[in-house]
S.K.: 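The structure that follows is given in the form of structure tokens.
It should be emphasised that the depicted structure is a prediction, and the values quoted were computed from it without experimental measurement. Numbers here are sequence positions counted from 1.
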Amino acid sequence: MKKLIILILACTGPFCSAQLFNPQSKKITARYFPETEAEINTPAFLKKRGFTNYTEMMSFLEPLVKQHQKNIRLSYIGKSQKGLSIPLLLISNPNSSAEKIRVWIQAGIHGNEPASTEGVLFLIGQLLKNPEYQDLLDRVEIGIIPMANIDGSNKQLRPAANGLDLNRDQTKLMVPESVVLKRAFTDFNAQVALDFHEFRPYRRDYLQMGTFGLTNAYDVMFLYSGNLNVPEPLRKYTEHAFVERTETRLRKKGLTTHAYFTSSDYQGYTVFNQGSVNARSSATSYALANCISTLVEVRGIGLGRTSFKRRTMTTFLIALSYIKTAAENGDAIREVLAASSEQRKDDPAVVKSRRKVLRRPLDFIDLHTEKKTEETVILRDALQSTPLLGRPLPKAYILLPSQEKMAEKLQVLGVTVEMSGKTVEIPVEAYRIREYYRAAQKYEGTHRQTVKTTLSPKTITLPEGSFIIYTDQKNIGLAVETLEPEASNSFVSFNLIPTGEGEELPVYRYNSNIKL
């Protein structure tokens, strides 16, 4: 019997960026993921080894900016923890009077996912140099962060320099880069947003499947939000107008696609999770800002430079598809976003939700036969979520003056926060902790808190300098996710508002129509 030995190496030393072992055979590569013949002149393809570092990226970008000053502006939104300036590029045609759709594109938030940055660099060059794409710039304005995690990218490591994951930090904002990235996103006021990543096709959980293990069979997977605080029309429009249209274009190019899924172990079973509800990552965080949002995962982590040109072109083709769709559907996009913003004001606050559990066939590649196979798996689908805990949306949330840092985080997220100018007695609903659990181990730099609360009416003396978050605003979904204490990505959950059993939280719900 043919035997397959898989070697998994954990690299923790100073040479982690080296590709120690590539698990993908030449036969699988040739059969399912052959390299494209496209000519790509970005920095990584001008050398035989490694990937584009920060210095090489800037050497590529700066001449483009000088040569195409009419269409591109370069600025810096802040610095990485190692002191390197994070570039933001704005690309458009200045001579158009038409109202443009604002498209945000971000890459390299995980430093070990190099095709994301490479594909976006290729996109920038094509938008500026290729006449075929010039008319797109009459109808869209594109904001691009080509390397969000500079320190990680320079070392080909996933986290930022302080060891935290930038894509688990979209609400707690504990990483310096997260704050400047989110502030830049808020200032840009995107209507369409893309965040490019790569996924690991060879996972430990897959080794228990098939005869000698399986691997993911898809070129690219699309992660879009099933969070119920994102109005359904916006969720459906994202899926049908953008994701499905892009999938059709990719399949015509011979690329395979699926909604994003990952695996986890649950009581000895391998369970698959599809879609997103978590505001701590960009797909949902952007969507809660009333934006057509997709996180794109291209097959790549652990593969070194295998199929690297294919991965880079896949990234480019997806970005180009979203830009074309945005340019062609400006009026429809504006209508959907306006309707979504209005609907959000009337919808209840969904604090917790439940994913639908079903059995679903997924494609894999059998590592023994090196052929595609279909496996029926247990799938927890976030795209078919139902409410588990909901509350009527209050007229406003109120934070006491002691929560100034939380108010600042909300403002970075794009939530409008007002300050009370006088002391006043008001009726509110107060949260009191009736069940409390604090995790023993840290997750992303903090001991998570899990709580259950009781809401009780009371009259409080609201101090001057308290913070008021009215709910009739565009980004109110982000306030729900951060201020409702039981929400899995709330400030309480991340221990940014420490508490304990029996305590009253410094967060209140205000239901009067009288403005404070």
S.K.: Determine whether Thr246 and Phe222 make a side-chain contact, defined as any pair of heavy atoms from C-beta on separated by less than 4.5 Å.
M.R.: yes
S.K.: Measure the shortest side-chain to side-chain distance between Lys48 and Arg305 over non-hydrogen atoms and say whether it is less than 4.5 angstrom.
M.R.: no
S.K.: So does Glu444 pair up with Arg168, basic N to acidic O under 4.0 Å?
M.R.: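 Between Arg168 and Glu444 there is no salt bridge, as every charged N stays at least 4.0 Å from the carboxylate O atoms.
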S.K.: For a 4.5 angstrom cut-off between non-hydrogen side-chain atoms, does His68 reach Ile124?
M.R.: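 They are not in contact (no side-chain heavy atoms under 4.5 Å apart), so the answer is no.
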S.K.: Run through Thr29, Thr215, Thr306 and flag the one making a side chain to side chain donor-acceptor pair (under 3.5 Å) with Gln24.
M.R.: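 For Gln24, the side chain to side chain donor-acceptor pair (under 3.5 Å) test succeeds with only one of Thr29, Thr215, Thr306, which is Thr29.
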S.K.: If you define the side chain from C-beta out and look only at heavy atoms, does anything of Ser263 sit under 4.5 Å from Asn273?
M.R.: no
S.K.: Parallel, tilted or perpendicular for Phe364 and Tyr206, by the 30°/60° rule?
M.R.: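 Ring orientation, 0 to 90° scale: perpendicular.
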S.K.: Below 6.0 angstrom between ring centroids: does that apply to Phe308 and Phe45?
M.R.: yes
S.K.: Might you confirm whether atom CZ of Arg31 has over 12 heavy atoms from other residues, nucleotides or ligands at distances under 6.0 Å?
M.R.: yes
S.K.: For Met57, is there any backbone N or O sitting under 3.5 Å from a side-chain donor or acceptor partner on Thr52?
M.R.: no
S.K.: Are side-chain heavy atoms of Glu177 and Asp151 found at a separation under 4.5 Å?
M.R.: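 Result yes, sub-4.5 Å side-chain heavy-atom pair found.
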S.K.: Checking side chain to side chain donor-acceptor pair (under 3.5 Å) between Asp219 and each of Arg311, Arg299, Arg310, which is the one that passes?
M.R.: Arg310
S.K.: Is the shortest side-chain heavy-atom distance between Leu61 and Leu121 below 4.5 Å?
M.R.: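 Sidechains of Leu121 and Leu61: in contact.
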S.K.: Taking side chain to side chain donor-acceptor pair (under 3.5 Å) as the criterion, tell me which of Asn229, Asn278, Thr171 meets it with Glu481.
M.R.: Asn229
S.K.: Return yes if some donor-acceptor pair links the side-chain N/O of Tyr218 with the main-chain N/O of Asp363 below 3.5 Å, else return no.
M.R.: yes
S.K.: Using modelled atom types and a 3.5 Å cut-off, is there a donor and acceptor pairing between side-chain atoms of His197 and backbone atoms of Glu297?
M.R.: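 Not confirmed, His197 side chain does not pair with Glu297 backbone.
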S.K.: Using modelled atom types only, decide if a donor and an acceptor are shared between the side chain of Asn93 and the backbone of Gln134 within a distance under 3.5 Å.
M.R.: yes
S.K.: Kindly write out the residues that satisfy salt bridge (charged side-chain N to carboxylate O under 4.0 Å, His left out) with Arg380, not counting sequence neighbours, or none if the list is empty.
M.R.: none
S.K.: Hey, is Glu247 close enough to Arg251 for a salt bridge, meaning N to O under 4.0 Å?
M.R.: yes
S.K.: Take atom NZ of Lys47 as the centre, draw a 6.0 Å sphere, and report whether it contains more than 12 heavy atoms from other residues, nucleotides or ligands.
M.R.: yes
S.K.: Donor-acceptor check, side chain of Ser307 to backbone of Phe33, threshold 3.5 angstrom: yes or no?
M.R.: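 Pair found, side chain donor or acceptor close to backbone of Phe33.
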S.K.: Any sub-3.5 Å donor-acceptor pair from Ser80's side-chain atoms to Lys82's backbone N or O?
M.R.: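 The answer is yes, because a donor-acceptor pair under 3.5 Å joins these two groups.
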S.K.: Mind checking whether Leu173 and Leu413 have side chains closer than 4.5 Å, heavy atoms only?
M.R.: yes
S.K.: Is there a side-chain contact between Thr270 and Val377 in this structure, where contact means two heavy atoms from C-beta onward sitting under 4.5 Å apart?
M.R.: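 In short, these two side chains do not touch, never coming nearer than 4.5 Å.
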S.K.: If we ignore hydrogens and angles and just use 3.5 Å, is the side chain of Asn227 paired with the main-chain N or O of Val277 as donor and acceptor?
M.R.: yes
S.K.: Ignoring hydrogens and angles, tell me if any N or O in the side chain of Asn71 forms a donor-acceptor pair with the backbone of Ser92 under 3.5 Å.
M.R.: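 Yes: the side chain of Asn71 pairs with the backbone of Ser92.
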S.K.: For the CD atom on Glu374, are there more than 12 heavy atoms of other groups (residues, nucleotides or ligands in this structure) within a distance under 6.0 Å?
M.R.: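 Enclosed: over 12 neighbouring heavy atoms sit under 6.0 Å from CD of Glu374.
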S.K.: Taking Glu113 first and then Arg158, would you say they form a salt bridge - that is, a charged N and a carboxylate O separated by under 4.0 Å?
M.R.: yes
S.K.: Side chain of Thr482, backbone of Leu478: donor and acceptor closer than 3.5 Å?
M.R.: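 Checked: pair present.
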